[in-house]
Amino acid sequence: MPFNTKLTRALGIKIPIVQGGMQWVGYAELASAVSNAGGLGILTALTQPTPEDLRKEIRRCKTMTDKPFGVNITLLPSMNAPDYGAYAQVAIDEGIKVVETAGNSPGPVIKQLKAVGTIILHKCTTIRHAQSAINLGVDFLSIDGFECAGHVGETDITNFILLSRARQSLKVPFIASGGFADGQGLAAALSLGAEGINMGTRFMCTVEAPIHIKIKEEIVKASETDTELVLRRWKNTSRLYKNKVTREAVKIEKESTTGKFEEVAPYVSGKRGREVFINGDPDYGVWTAGQVIGLIHDIPTCADLVKRIEQEAEETLSKASALIIPASKL
């Protein structure tokens, strides 16, 4: 049975599940599969080397689904920053109605997108950042708990507290991100005030995810303790899969007497991380994974996964409702 939340109504989707933007993973194969399953698939803009390549990928995705899908634009600190405005303009030109934004100083891109009525879903890890995003005019917030993969922020607030703080203080609807893999999690998020959930790591471990099968099998074998926090010393903390490279990076981070980022930079190279998904060697480079890997035990299709989550959430919410016994009117 389709859900009816602010998220499903605004985005035109059946199930309140968003496939978050993921570098080197958010291609048309995965985004279209999630959208066809009833959620919102998302293409990752910066996975494409140029704005024109993003245009081609959007058009390719349109040949694979007639359902809504979005684009992720993440703004990261960089010596040679990409032309974020050009990527945003391609999304506009190609009729993309939903854009997920994240990262530093998103104001100009959000203003550009809002000028044409794009729905903005902005990801943030603190209530303070969420309030700033609201001032920029975002339509939805993706509240990213400390459990999440990738950039976790520096405050270490997990979703049980963060979502309740969002419910108490935010005037804009929000979805929950970080730690979600099943229908029980979706039911919990809805109960805490969210309008849906965002899943990244769980969607990496699906048939359609365009990464090597050995990486998917590695996720299935992993436990919730198999992630590592890296780059905390430089206040750019990322949660990565725990492997030989992250252990070396953490060692340098803790023992370096200079504190120069250059010492650790070769170990956290995004290029080597991309190769992991191609060659299937989980120790070749760094790659993002959330603590939710401990909840992932199979490699389903996106359709089977979304359907299962839907059924589990319905059953969980029904069981919770049945716990309430109406008071006698006598």
Decide side chain to side chain donor-acceptor pair (under 3.5 Å) for Thr158 and Glu147; before the verdict, give the C-alpha distance in whole Å, the side-chain angles of both, and the deciding distance to 0.1 Å.
-> CA-CA 6 Å; Thr158 56; Glu147 306 94 327; 4.6 Å; no
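- At a threshold of 4.5 Å between non-hydrogen side-chain atoms, the residues Val18 and Ile42 count as touching.
- Checking side-chain atoms of Thr5 against main-chain N and O of Glu195 turns up a donor-acceptor pair under 3.5 Å.
- Looking at Lys221 and Glu218, a side-chain N of the basic residue comes within less than 4.0 Å of a carboxylate O on the acidic one, giving a salt bridge.
- Panel note: side chain Thr201, backbone Gly290; a donor-acceptor pair is recorded below 3.5 Å.
- Side chain of Lys216 to backbone of Ile299: no donor-acceptor contact under 3.5 angstrom is found.
- Between Lys114 and Asp139, at least one side-chain nitrogen of the basic residue sits less than 4.0 Å from a carboxylate oxygen of the acidic one, meeting the salt-bridge criterion.
- Between Cys205 and Val220, the closest heavy-atom pair is SG-CG2, 3.7 Å.
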Please test Ile119 against Lys97 for side-chain contact (heavy atoms from CB on, under 4.5 Å), starting from the C-alpha separation and ending with a verdict.
-> CA-CA 6 Å; Ile119 296 173; Lys97 303 301 183 186; 5.6 Å; no
Where do Leu76 and His151 land on the side-chain contact (heavy atoms from CB on, under 4.5 Å) test, with the steps shown first?
-> CA-CA 10 Å; Leu76 298 173; His151 294 280; 4.0 Å; yes
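- Remark: Ser132 engages no residue in a side-chain contact (heavy atoms from CB on, under 4.5 Å) (not counting sequence neighbours).
- For the atom pair Leu163 CG and Ile197 CD1, the distance stands at 11.0 Å (nearest 0.5 Å).
- Here the side chain of Ser32 pairs a donor or acceptor atom with the backbone of Ala28 at under 3.5 angstrom.
- Minimum interatomic distance between Arg272 and Pro266 (heavy atoms only, all atoms of both residues): CD-O, 4.0 Å.
- Side chain of Tyr84 to backbone of Pro108: no donor-acceptor contact under 3.5 angstrom is found.
- Using a distance-only test at 3.5 Å, with no hydrogens or angles considered, a donor-acceptor pair links the side chain of Thr47 to the main chain of Trp24.
- Panel note: side chain Thr246, backbone Asn243; a donor-acceptor pair is recorded below 3.5 Å.
- Between the CD1 atom in Ile120 and the NZ atom in Lys123 there is a gap of 14.5 Å [rounded to 0.5 Å].
- With contacts defined as side-chain heavy-atom distances shorter than 4.5 Å, the pair Leu136/Pro106 qualifies.
- Distance check, rounded to the nearest 0.5 Å: NE2 of His122 to NE2 of His129 gives 8.5 Å.
- Residue Leu54 is grouped with residue Leu75 when hydrophobic side chains (ILVMFWY) are merged at heavy-atom distances under 4.5 angstrom, including chains of intermediate members.
- Note: the hydrophobic cluster containing Leu11 does not contain Ile73 (ILVMFWY, side chain heavy atoms under 4.5 Å, direct or indirect links).
- With sequence neighbours excluded, the residues satisfying side-chain hydrogen bond (donor to acceptor under 3.5 Å, both in side chains) with Lys251 are Glu255.
- In the displayed structure, Ile325 atom CD1 is contacted under 6.0 Å by at most 12 heavy atoms of other residues, nucleotides or ligands.
- Residues Gly196 and Leu190 come closest through the heavy atom pair N-CD2, 3.9 Å.
- Between Met204 and Met22 the shortest side-chain heavy-atom distance falls below 4.5 Å.
- The OG1 atom of Thr288 lies 11.5 Å from the CZ atom of Arg239; values are rounded to the nearest 0.5 Å.
- Side-chain atoms of Glu154 and Thr237 form a donor-acceptor pair, as typed in the model, at a separation below 3.5 Å.
- Listed by first then second residue, pairs satisfying ring-ring contact (aromatic ring centres under 6.0 Å, His included) with a partner in residues 254-300 read Trp234-Phe261, Tyr241-Trp287, not counting sequence neighbours.
- A 4.5 Å side-chain heavy-atom check between Val230 and Glu253 finds at least one atom pair inside the cut-off.
- Hydrophobic clustering (ILVMFWY, side-chain heavy atoms < 4.5 Å, transitive): Tyr27 and Leu46 are in one cluster.
- A 4.5 Å side-chain heavy-atom check between Thr118 and Gln112 finds every atom pair outside the cut-off.
- Between the side chain of Ser269 and the backbone N or O of Lys271, at least one donor-acceptor pair lies under 3.5 Å.
- Inter-residue side-chain proximity for Ile157 and Phe146 is flagged as unmet; no heavy-atom pair is nearer than 4.5 Å.
- Here the closest heavy-atom approach between residue Ala289 and residue Ala149 is recorded as C-CB, 3.3 Å.
- A donor-acceptor pair is defined here as one N or O able to donate and one able to accept, closer than 3.5 Å; such a pair exists between the side chain of Asp283 and the backbone of Lys244.
- Between Val25 and Leu30 there is a side-chain heavy-atom pair separated by less than 4.5 Å.
- For Asp93, the side-chain hydrogen bond (donor to acceptor under 3.5 Å, both in side chains) partners at least two apart in sequence or on another chain are Gln89.
- Using a 4.0 Å cut-off between charged side-chain N and carboxylate O, Glu310 and Lys14 make no salt bridge.
- Contact check on Arg308 versus Asp298 returns a salt bridge, with a Lys/Arg side-chain nitrogen under 4.0 Å from an Asp/Glu carboxylate oxygen.
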Would Tyr87 and Val99 satisfy side-chain contact (heavy atoms from CB on, under 4.5 Å), going step by step from the backbone distance to the final call?
-> CA-CA 11 Å; Tyr87 280 99; Val99 171; over 6 Å; no
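- Using a 4.5 Å cut-off between side-chain heavy atoms of Ile, Leu, Val, Met, Phe, Trp and Tyr, with links allowed through other members, Val138 and Val116 fall into the same hydrophobic cluster.
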Kindly determine whether Gln23 and Thr44 satisfy side chain to side chain donor-acceptor pair (under 3.5 Å), including the steps that lead there.
-> CA-CA 6 Å; Gln23 189 71 345; Thr44 304; 5.4 Å; no
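- Residue Ile309 holds its CD1 atom at 11.0 Å from CG of Asp304, rounded to the nearest 0.5 Å.
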What do the steps show when you test Val34 against Leu40 for side-chain contact (heavy atoms from CB on, under 4.5 Å), and what is the final call?
-> CA-CA 6 Å; Val34 173; Leu40 183 80; 5.8 Å; no
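- Screening residues 53-74 for side-chain hydrogen bond (donor to acceptor under 3.5 Å, both in side chains) gives Glu29-Arg60, Asn36-Thr65, Thr50-Asp53, Glu52-Arg55, Arg55-Glu94, Glu57-Arg60, Arg59-Glu94, Asn72-Thr74, Asn72-Glu100 as the qualifying pairs, with residues at least two apart or on separate chains.
- Side chain of Glu208 to main chain of Cys302: a donor-acceptor pair is present (N/O by atom type, distance under 3.5 Å, no hydrogens or angles).
- Looking only at side-chain heavy atoms (C-beta outward), Lys214 and Asp281 stay at 4.5 Å or farther from each other.
- Between Ala133 and Leu141, the shortest heavy-atom distance links the atoms CB-CD2, 3.8 Å.
- When hydrophobic clusters are built by joining Ile, Leu, Val, Met, Phe, Trp and Tyr residues whose side-chain heavy atoms come closer than 4.5 Å, directly or via intermediates, Leu231 is not grouped with Val276.
- Interatomic distance, CG of Leu162 versus OG1 of Thr126, reported as 8.0 Å (0.5 Å rounding).
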Kindly list each side-chain donor-acceptor pair under 3.5 angstrom involving residues 169-181, sequence neighbours excluded, with atom names and distances?
unit_1, atom_1, unit_2, atom_2, d
Ser169, OG, Arg165, O, 2.7
Ser177, OG, Asp144, OD1, 2.7

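- Listed here is the closest heavy atom pair of Leu305 and Pro300: CB-CG, 3.8 Å.
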